[in-house]
Every structure is written in C-alpha cells, then in structure tokens.
Participant: 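Just dropping this structure here.
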Amino acid sequence: MDKKIFQGHVGIGKTLEGIALVANDNFSARYDLNRQKGIFSRRSHKLFNQSYVNKILVLNVAKGGVATAWMLKSMVDRLMAPKGLLLNVANPIIAQGAAHANMVLIDRFMEDITIVINSGDKLKLCPENGTVEILT
Amino acid sequence: MELNDFELEIQSGKHGEPRRLAIEHQIQIGRFFDAKKLIEISQVHIMADTEALGLSGIQFLENISNHSENERKVLVPTITDPRGADFNSYKRIKQNKNFIDMELRTVNAFKKLSVMMTDTCINYQVFMPPVLGENLAFGDTGSSIYANSVLGARTNFEGGPSALAASLTGRTPMYGLHLDSKRLANKSFKVSLELNNLSDWGALGGIIGKQMSSYWDIPIIYGINQKPTSDQLKHFGAALASFGSTPMFHIDGITPEAYLNNKISSANKIVDGTDLKNFYNSFLPDSDKLDVVVFSAPQLSLDEMRVLSEIIDGRKIHPDVSLIVCTAPSIKVLCDKNNITQKIERSGGIVLEGVCFYNMHAREIGEANGWKRLMSNSAKIVNILGGYGYETILSSMEKCIDSACKGKIIHG
C-alpha cells in the first residue's frame, strides 16, 4: 500500500485540507507570480499561466528576494492566495511571510515532496506536528 | 525558546501591543528554525515598498503607528530600503497617483515609529557600514549578502514583517547566519575567466546562484585574481542572492571569513568564459527592438553615477527609448552638487532617487509607458523582471547606453 502520510519539520499555521498543485520548481511571490490575476507569470516556471488561488502549492525551494514576506498577507487579504505551502526547503522569507499571513507552511520532509504528491491530490496539512496526509 | 526577563515582559504586553505582537512573530519564526533564543541586534534595514505591502500592509503599519510613542518607537536605528515612488519624478514615468497616495501613507506611518527614511538598498555604502561580528536585521537580499560576506556582520534575510519586529524588540531569533556553523561554505567554485565590468560580476553571481540548492548553501570562490571594488562585489552579491536566495559567499583571499573554510575536498566546479557567454546568451532577444534601459538593482553608487554620466555626456537618448537611473537620495544630493545628474538628464535620461525600478510597481509603469523590452547591466534586475512581463537583456553599461542612443539593442 502506498504511503499516505509524510513527515516534515514542525510548521506554521493551523490544520487545513485542500487540493495540491505540484511542480518540481521553486517559489517567489515577486519573481514568479502575477498577483493581480492569481497566476504564475514567469514564462520559465513549470506552472506558467496556472492559477494558484486556493491551492496547496507543493514546490521545491523558496527563492528570490524579500518581498514575499509582505506579499503573502496582501494576497490572503485579497482572497488571491494559495491555501498553503509545502516546500522541500523553506528560507527565512517564506517562513516570515507565512507567519505574518497566518498561512500554513511545512518543509524539510523525509522525501522529495514534489515527487510523492501529485497535482489534484486532496491533502490534510497538520503544521503543529509537521505532517501531510493524502486523503484521496 | 528561552526568553530573558525583558523579553518575557515584552511577551506579557508590558511594553505595549506592537512589541508583544512583534515578539510573538519572532517566537514563531524561531521555533520554525529551531532557534534556542533571541539575540540583540544593533541596526535594522526594513524593506516595505508599497507594491509588496499592498493596502493590508499599509494598514498594518498605520495600526502600529497609532499606538502611543513609547509603545511604537523603534528600539534600535532603523532605516528603509528603496520606496515605491519618487515624489519628485513620478509623473515623468506615468506612475499612477494611487501609488503615490499609498506611498505617502507608508512614509507617514514609518516616521511615527521613528524610522529613518534613507530609502536605499546600498546602506552599507551610504549609511552605517556594519562591522565584523555585528548582529543585524537587514531586510534586502543585496544588503544582507554584502553585510554577511564582505563585512563579516551577521544577518538572515529579514523580510519586512520580521525586520519591523526586530526594530520593535531590538533583537531577532538566533538561527541561520547568526550561528558560526551556518556561515561555512558547503560548495566551492574555481573561476577561470576575466571579469571586465559590473555586468560580468553580476553574471558570475547569477551563474553561481543558479547552482545553489537553497538558502542554506554557502559558496566559496577560488581563482579571483583581482582585488574587487565595493561596486563589483555589490553586483556579484546582489545577483547571487537573487538567483540563489543565497545570504553569504566567501572569496578566497578577499572576504574576511574565507580563511575559516578548510579546502572543500570535493572538486571545485569550474566557471569559465563559456559559462559567462551562455549566461549572457540566455537573455538574448529575437529582435533588436528596445523600449527602456534601466540602471538599478542595486541603486547606483556615486562612482557608478560618475562613470555613467561620463559615458553619456554630450549624447542624446533616442526618442523611442527611455533611460532610467536609480540611486539613493544621499547619493543624488552629491550627484546634483557634482554636475552628474545634469549630464545624465541633458542627454534625456531620468534620474530617480530613493527607488529601485523593480519595486516601484514595475508591471504597471511598463504598461503605462509601453515598455516591454528592457536592457540593463544588472543581472539581478533582468532576473526579477521576467515575472513582470518584461523581456530582459543583460549587457555592459557602455552597450546599454550605446543602445539607448541608437534606439535599438547593440550586441557585443
């Protein structure tokens, strides 16, 4: 039977469920997104032109500059934000932004999280204990 | 996390709600990164342009600024990164008035916190350069990587909310670059090429940055046979941080903590002229059409402004092309005094102060001015603006100016 629960580091935010949007690519709110339209706007990004709104984004690492720390909260307040973030490796900026926006963030999994989760999977995220469960 | 008596008082709310919220934010970040305690910092550099802030961020700042002075005033010297608008010149680049109003509200809120409006990302060149071992909370990737690497000070990337929290508590969670163990190199590179100008240094930063797997990778670079200037290391670091999310680098024989790294046993990755050529070629457009030339990211130093003014003096920018130069307000004063601004503006260039092109609502000003094809000598900005819908070209300062005057991209 396939493994359904994945262990990461203790994260930020409260337990939630949502649908995954996955790519083996990186994340920066300033560099990669059109935050007005709610889509990935960097042509070279593997999720180019796809909507991230209300999805649980599953990506490799946090990259880019410091703007993400403010931008996540602004995106949440305009209802144009992802529901949560799962990364193989976070950086301080994405953690600071998630904390400020009260957005779920978990990283440092035992497995490559972009391989074991597929787009469309329904997930349950428990940042208090750092776990992700595939529900369906 | 272990908190001392003062920190417990802050947490209890004794020193006001803004400081209580600030330390709760810091505890959350500290737990995420397994920090055992907070560490006192001596200065804060805060990034809060209005594009990043949005209305919710401005309201957040205003809410703090409405508290009593003893509850809202910063505890350590706190300065600002570039703003989102130059009040003197926004009309020249057709910037929407709404952005100016947002900017005014932000500035007013910051002033009530006793934040000093320096509006610069090159604070290490123009404000108070940190010293070896000094703990900081710097909120710009370029200023952070320079402080860690070139000056030997200690800071993580502190995004706006965390830098603000640090200014209100006078401390920051002790993790990452505040720890000796996290400052050592784990990747090494041998450079075997000539670096002829600032864009080459930026390109080298980009080439290495692309090979960093995360924030926690620190490169050491061997083979640099010239003594670089502050501006060269500025462009190198800014690009490395931009492409790699990298907070620190070592250069053998140059940076102050390079000697702490034992030779890494794995083979150095070689960076040579082919890598450099491929990097430039990765930004080559499919035609020579040009809309705007930008010198920014990082803001230009006085000497960069001088060099630019000498190259452009007596020439005319083509009417189909705009040329924009961004510098720090304190540098702009010196440029005015030394006839540098005048030379650039006489040629048709626009000198902006206290802003950086990419954080002044770059998408909207691009649409307002019909700018799509953008040329710069900054590897950092050509990386960032791809996500804003621009087609970007990296070249030397000389070629950028030649192109602006010819009205089309000059290669070479």
Side-chain angles (χ1 to χ4, degrees), chain A residues 8-13 26-37 39-45 48 60-78 80-81 87-102 105-108 127-128 130, chain B residues 24-29 31-34 47-49 51-60 81 138-142 144 156-165 173 175-177 209 212-216 241-247 358-359 363-364 380 383-389 391:
Chain A
H9 189 278
V10 169
I12 287 170
N26 303 318
F27 181 78
S28 163
R30 166 107 74 191
Y31 288 43
D32 296 328
L33 308 182
N34 182 327
R35 287 165 285 116
Q36 300 304 318
K37 294 181 178 174
I39 59 171
F40 281 84
S41 56
R42 175 179 283 268
R43 287 190 169 277
S44 58
H45 200 284
F48 176 64
N60 186 26
V61 301
K63 285 238 174 180
V66 296
T68 301
W70 286 119
M71 286 175 173
L72 291 183
K73 176 78 163 75
S74 174
M75 290 156 64
V76 166
D77 287 355
R78 292 187 301 104
M80 292 292 276
L87 298 171
N88 281 321
V89 186
N91 68 2
I93 296 301
I94 199 91
Q96 295 158 9
H100 184 59
N102 200 22
L105 168 68
I106 309 174
D107 79 333
R108 286 165 280 177
E128 298 91 341
Chain B
E24 290 295 351
H25 173 86
Q26 293 181 315
I27 290 168
Q28 211 174 353
I29 300 305
R31 283 185 182 143
F32 187 80
F33 288 116
D34 303 315
M47 181 281 203
D49 65 66
E51 185 195 336
L53 280 169
L55 286 173
S56 70
I58 295 169
Q59 284 159 3
F60 177 76
D81 210 30
F138 270 14
D140 179 288
T141 56
S144 298
N156 288 304
F157 290 168
E158 299 270 10
S162 285
L164 182 62
Y175 70 94
L177 276 289
M212 299 292 103
S213 59
S214 78
Y215 179 83
W216 310 103
S242 174
F243 282 87
S245 188
T246 303
Y358 72 85
N359 61 6
R363 185 186 307 280
E364 289 80 0
K380 175 176 178 172
N383 184 34
I384 294 174
L385 288 176
Y388 281 80
E391 296 170 4

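Chain A is the first sequence line, chain B the second, and so forth, proteins listed ahead of strands; every chain is numbered from 1.
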Participant: Is any side-chain heavy atom of B:Leu164 closer than 4.5 Å to one of B:Phe60?
Facilitator: yes

Participant: Counting heavy-atom pairs under 4.5 Å with chain B, which one of A:Gln96, A:His9, A:Arg43, A:Arg42 comes out on top?
Facilitator: A:Gln96

Participant: Side chain, backbone, both or neither: which part of A:His100 has a heavy atom under 4.5 Å from chain B?
Facilitator: both

Participant: Is chain B contacted by the side chain of A:Val61, its backbone, both, or neither, given a heavy-atom distance below 4.5 Å?
Facilitator: side chain

Participant: Which residue out of A:Thr68, A:Val76, A:Asn88, A:Val66 racks up the most heavy-atom pairs below 4.5 Å with chain B?
Facilitator: A:Val66

Participant: Picking from A:Val89, A:Ile12, A:Leu87, A:Asp107, what satisfies side chain to side chain contact (heavy atoms under 4.5 Å, CB included) with A:Ile94?
Facilitator: A:Leu87

Participant: Check each atom of B:Ser213 against the heavy atoms of chain A and say whether the ones under 4.5 Å are side chain, backbone, both or neither.
Facilitator: backbone

Participant: Keeping B:Asn156 on the side-chain end and B:Glu158 on the backbone end, is there a donor-acceptor pair under 3.5 Å?
Facilitator: no

Participant: Could you tell me which portion of A:Ala90 (side chain, backbone, both or neither) has an atom closer than 4.5 angstrom to a non-hydrogen atom of chain B?
Facilitator: both

Participant: What I'd like to find out is whether the side chain of B:Glu51 reaches to under 4.5 Å of the side chain of A:Met71, using heavy atoms alone.
Facilitator: yes

Participant: Which region of A:Arg108, side chain (C-beta onward) or backbone (N, CA, C, O), has a non-hydrogen atom less than 4.5 Å from a non-hydrogen atom of chain B, or is it both or neither?
Facilitator: side chain

Participant: Could you check whether any side-chain N or O of B:Ser245 sits under 3.5 Å from a backbone N or O of B:Ser214, counting only pairs where one atom can act as donor and the other as acceptor?
Facilitator: no

Participant: Which one, A:Ala99, A:Pro127, A:Pro92, leads in non-hydrogen pairs under 4.5 Å with chain B?
Facilitator: A:Pro92

Participant: Below 4.5 Å from any heavy atom of chain B, which atoms of A:Leu72 appear? Answer side chain, backbone, both or neither.
Facilitator: neither

Participant: Select one option (side chain, backbone, both, neither) describing which atoms of B:Arg363 are under 4.5 Å from chain A's heavy atoms.
Facilitator: side chain

Participant: Under a 4.5 Å heavy-atom cut-off, does chain A meet the side chain of B:Tyr175, its backbone, both or neither?
Facilitator: side chain

Participant: Between A:Arg35, A:Gln36, A:His45, A:Arg78, who has the most heavy-atom pairs with chain B when the cutoff is under 4.5 Å?
Facilitator: A:Arg35

Participant: Determine yes or no for a side-chain-to-main-chain donor-acceptor pair under 3.5 angstrom, with B:Tyr215 supplying the side chain and B:Phe157 the backbone.
Facilitator: yes

Participant: Using a 3.5 Å distance criterion without hydrogens, assess whether the side chain of A:Trp70 forms a donor-acceptor pair with backbone atoms of B:Met47.
Facilitator: yes

Participant: Salt bridge (Lys or Arg N to Asp or Glu O under 4.0 Å) with B:Glu391: which residues, sequence neighbours excluded?
Facilitator: B:Arg373

Participant: With a 4.5 angstrom heavy-atom cut-off, which part of B:Asn359 approaches chain A: side chain, backbone, both or neither?
Facilitator: both

Participant: Can you list every salt bridge (charged side-chain N to carboxylate O under 4.0 Å, His left out) pair that touches residues 61-74 of chain A, not counting sequence neighbours?
Facilitator: A:Lys73-A:Asp77

Participant: Heavy-atom pairs under 4.5 Å with chain A: which of B:Ile29, B:Ile384, B:Thr141 has the most?
Facilitator: B:Ile384

